[in-house]
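Worksheet: the structure to be examined is printed underneath.
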There are 2 protein chains.
Amino acid sequence: MKDVARHAGVSISTVSYVLNDSGPVAPDRRARVLDAVRVLDYAPNESARRLKRRSASTVGLVVPDLANQFFALVAEGVAAAASARDVLVVLCAPEATEQPSHHAGLLRSQRVDGVICLSGTGTTAGSLLDLARIGPVVLVDEQIPGFDMPAVISDGRRGAREIGRHVLQHGHSRLAVIGGPTQLWTSGQRLAGYREALAAAGRDPDDVPVYVGDYRQRSGTELAKAALAGPPDIRPTALLCANDLMAIGALEYCRSVGLRVPEDVSIVGFDDLPMAALLTPRLTTVRQPAREMGHRAASLLFELLGDKPNGAGDGMFPVELQIRDSAGPPAS
Amino acid sequence: MKDVARHAGVSISTVSYVLNDSGPVAPDRRARVLDAVRVLDYAPNESARRLKRRSASTVGLVVPDLANQFFALVAEGVAAAASARDVLVVLCAPEATEQPSHHAGLLRSQRVDGVICLSGTGTTAGSLLDLARIGPVVLVDEQIPGFDMPAVISDGRRGAREIGRHVLQHGHSRLAVIGGPTQLWTSGQRLAGYREALAAAGRDPDDVPVYVGDYRQRSGTELAKAALAGPPDIRPTALLCANDLMAIGALEYCRSVGLRVPEDVSIVGFDDLPMAALLTPRLTTVRQPAREMGHRAASLLFELLGDKPNGAGDGMFPVELQIRDSAGPPAS
DNA sequence: TTGTAAGCGTTATCAG
DNA sequence: CTGATAACGCTTACAA
């Protein structure tokens, strides 16, 4: 910057003025400065800048599992919104094996302005508290009772209720739920939705067993195996999976043991990953607008950070039942 | 930091010494400092730190399309390697509509230590030059002739050759290639591999038409439509797609018009996305170790940045033919 | 309209 | 072993 000033024959503060539009500068001098900037290929040092102003134009993005396409799409939405405002995104993909507070510390030291946190196994009240000390935190697809942090969520409960009803309408009498991690809000919501559907159909929700998975494909496979272990006249004829990845795992298991879907067992998921419609059978599921949710989360965070209100309230995104081929009437 | 010093009854430089192990400190004073840090919940200001040292412990990650799971997996590998060394990853997901140099500028201002750049449509020699001014750049699945930047690649040419041979062994006489963007290195490699296979089978490589796509699913659908437009006795019986996403698009097109795969047309892909094995028919493709490649790219970058050599040469990753169900003998 | 100078929170040099 | 103190590159009163 000193170089630029010298090259342009002005003082260093004049350079700053033109770079930030923060002071009146005579047109010719401004031109000289801009010119020097180009000639010297000068790029301001953001570290120094941040040190002075107390804001970083940077947000943290905590995502548990990029291999889950739902998260990847949310991340893309966040990145797009951030890019549109020239704010940087620092990516944290905490591994299950590490202390959740570790990343919080890193992010805090970076002085990121705020954080977007995607629902995932690491989301405990404690780790959220760590993040909250950094600055505003917006949650995606998660909510912690008693904390009321801003959150971008979708109406998972209703989605689960609708897909539950859809399955029940086919006349299944024995069902099982393959749910997500119990500590996750979404898991609870979806489970609640399934139970409402059951109750609405005059069934006792407590009659259907719930297998607790971790939202990964593998656990879908394993839990399907557990759920479908008994003899044909005992075993469930429909599996309500709390996300698509687990539904896919379940589908795989069925395929591997020769169970037909949906004739022998109906399987439904949740998320509507791009691949859901490409499976055979095409997966009946509930669509969540992942990219939009990421975008909204970022906008909401910017607003919290003092951007002019951009209409990004923390409302609920609607959810949409996608009826395809993986659920149907039981064969019997 | 001043507070910590006061609280511990030592000087500010002593605090710095214990925080960085950069000077000898009496055990009791060190303990007092550590204590004060905990009590005051102090986190060092990285901006100030970077200003002083000239390194940021931060790398940039440029990824064109997170919705492509291959990229998402590479990103995950990068994030994992970075996290293991406490280096931060700033994510750039340049949209097609914006100037590639824009992100380079952002990254440069951030003073990131280096950049990992995934192959994508935005990868021009010019934009790479922009990035190179920032610091070391390692490319993933890309190489620019004449620039020789460190790169983490896989042997796509061999993969393409092998899958080409596999298809040809089934006795197809009319084939078509659905390739990637011509400016991408991977596209060229894969195309070269296909041509080698053709030549090895005694066929004239120039006889097979090449449709140029953009590695996205949609272009697979469109190009399959174009490629398969003619009457049955004219149209190709096998489609060599340069990545899985386009293969999936092609699969979709075939399904939509009632063409059976592989009976009416064989389709093969490249990448082996996790979903490839879940499709019906299961997609025959070539596996690239995405996550490992990301990990290696990060390690390589760290090494370039002065980390002790960690054995991350820029060798070629082997590639593995995955023979499944989407390619077979033509029906005729 | 322009320049001077005082920090921002760290690290590193150099006397004690 | 410890503590002043001078940078690091930038912003912003304040003075000219």
Side-chain angles (χ1 to χ4, degrees), chain A residues 1-37 40-58 86 88 105-113 133-135, chain B residues 1-37 40-58 86 88 105-113 134-135 306:
Chain A
M1 188 156 160
K2 224 181 321 193
D3 294 346
V4 173
R6 188 171 35 238
H7 190 98
V10 301
S11 88
I12 190 173
S13 45
T14 301
V15 176
S16 176
Y17 292 149
V18 352
L19 258 33
N20 302 290
D21 272 337
S22 52
V25 175
D28 56 322
R29 301 187 140 228
R30 143 169 278 115
R32 291 226 305 282
V33 169
L34 260 17
D35 201 58
V37 165
L40 299 177
D41 192 29
Y42 164 82
N45 182 325
E46 283 299 327
S47 302
R49 224 176 224 195
R50 314 229 269 244
L51 187 55
K52 195 88 249 269
R53 335 208 265 226
R54 271 86 181 321
S55 126
S57 279
T58 300
D86 279 7
L88 252 36
L106 244 50
L107 252 18
R108 191 153 79 104
S109 279
Q110 288 304 319
R111 299 294 191 269
V112 298
D113 300 314
R133 291 185 315 187
I134 298 176
Chain B
M1 189 158 160
K2 222 180 324 189
D3 293 347
V4 172
R6 188 170 36 236
H7 191 98
V10 301
S11 87
I12 190 173
S13 40
T14 301
V15 175
S16 177
Y17 292 148
V18 354
L19 258 34
N20 302 290
D21 272 335
S22 53
V25 175
D28 58 321
R29 306 190 132 226
R30 146 170 275 114
R32 291 225 306 282
V33 169
L34 259 17
D35 201 59
V37 165
L40 298 177
D41 192 28
Y42 164 81
N45 182 325
E46 282 300 326
S47 301
R49 231 179 217 190
R50 315 229 268 242
L51 184 56
K52 195 89 247 279
R53 336 209 264 224
R54 269 83 189 322
S55 124
S57 279
T58 301
D86 278 9
L88 251 36
L106 244 50
L107 252 19
R108 190 153 80 104
S109 279
Q110 287 304 317
R111 298 292 192 271
V112 297
D113 300 313
I134 297 176

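Source: prediction; values computed, not measured.
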Can you tell me if the side-chain N/O atoms of A:Arg50 get under 4.0 Å from OP1 or OP2 in D:dC10? no
Evaluate the side-chain proximity of B:Arg50 to B:Thr58: yes if any heavy-atom separation is below 4.5 Å, no if none is. yes
With a 4.0 Å cutoff (strictly under), does any side-chain N or O of B:Arg29 reach OP1 or OP2 of D:dG3? yes
Determine whether a donor-acceptor pair (N or O, by modelled atom type, separation under 3.5 Å) exists between the side chain of B:Asp113 and the backbone of B:Ala56. yes
Are side-chain heavy atoms of B:Tyr17 and B:Val10 found at a separation under 4.5 Å? no
Span of DNA chain C engaged by chain A, first through last nucleotide within the 4.0 Å heavy-atom cut-off, is C:dT1 to C:dG9
Between C1' of D:dT12 and CZ of A:Arg54, the distance in whole Å: 13 Å
Is there a side-chain contact between A:Asn45 and the phosphate of D:dC8, meaning an N or O under 4.0 Å from OP1 or OP2? no
Give the minimum heavy-atom separation between A:Leu107 and A:Ile134, together with the two atoms involved. CB-CD1, 3.6 Å
Find the distance B:Arg32:CZ to D:dC1:C1' and express it as a whole number of Å. 14 Å
To the nearest angstrom, the NZ-P distance between A:Lys2 and D:dT11 comes to 15 Å
Can you tell me how far the OG atom of A:Ser57 sits from the CD atom of B:Gln110, to the nearest 0.5 Å? 8.5 Å
Looking only at heavy atoms, what is the nearest atom pair of B:Ser109 and A:Ala43, with distance? OG-CB, 4.1 Å
Using whole Å, report how far CG of B:Asp28 lies from C1' of D:dC1. 11 Å
Which ones in residues 5-19 of chain A lie close to DNA chain D, meaning a heavy atom under 4.0 Å from one of its atoms? A:Ser13, A:Ser16, A:Tyr17
If only atom types and distance count, is the side chain of A:Arg32 paired as donor or acceptor with the main-chain N or O of A:Ala8 below 3.5 Å? yes
Any heavy-atom pair between the side chains of A:Arg30 and A:Asp21 that's under 4.5 Å? yes
Could you tell me how far apart A:Asp21 (CG) and D:dT12 (P) are, to the nearest whole angstrom? 13 Å
Could you check how far CD of A:Glu46 sits from P of D:dC10, rounded to whole Å? 10 Å
Between A:Asn20 and B:Val25, name the one whose nearest nucleotide on DNA chain D is closer to the 5' end. B:Val25
A:Arg6 and A:Asp3 ion-paired at < 4.0 Å: yes
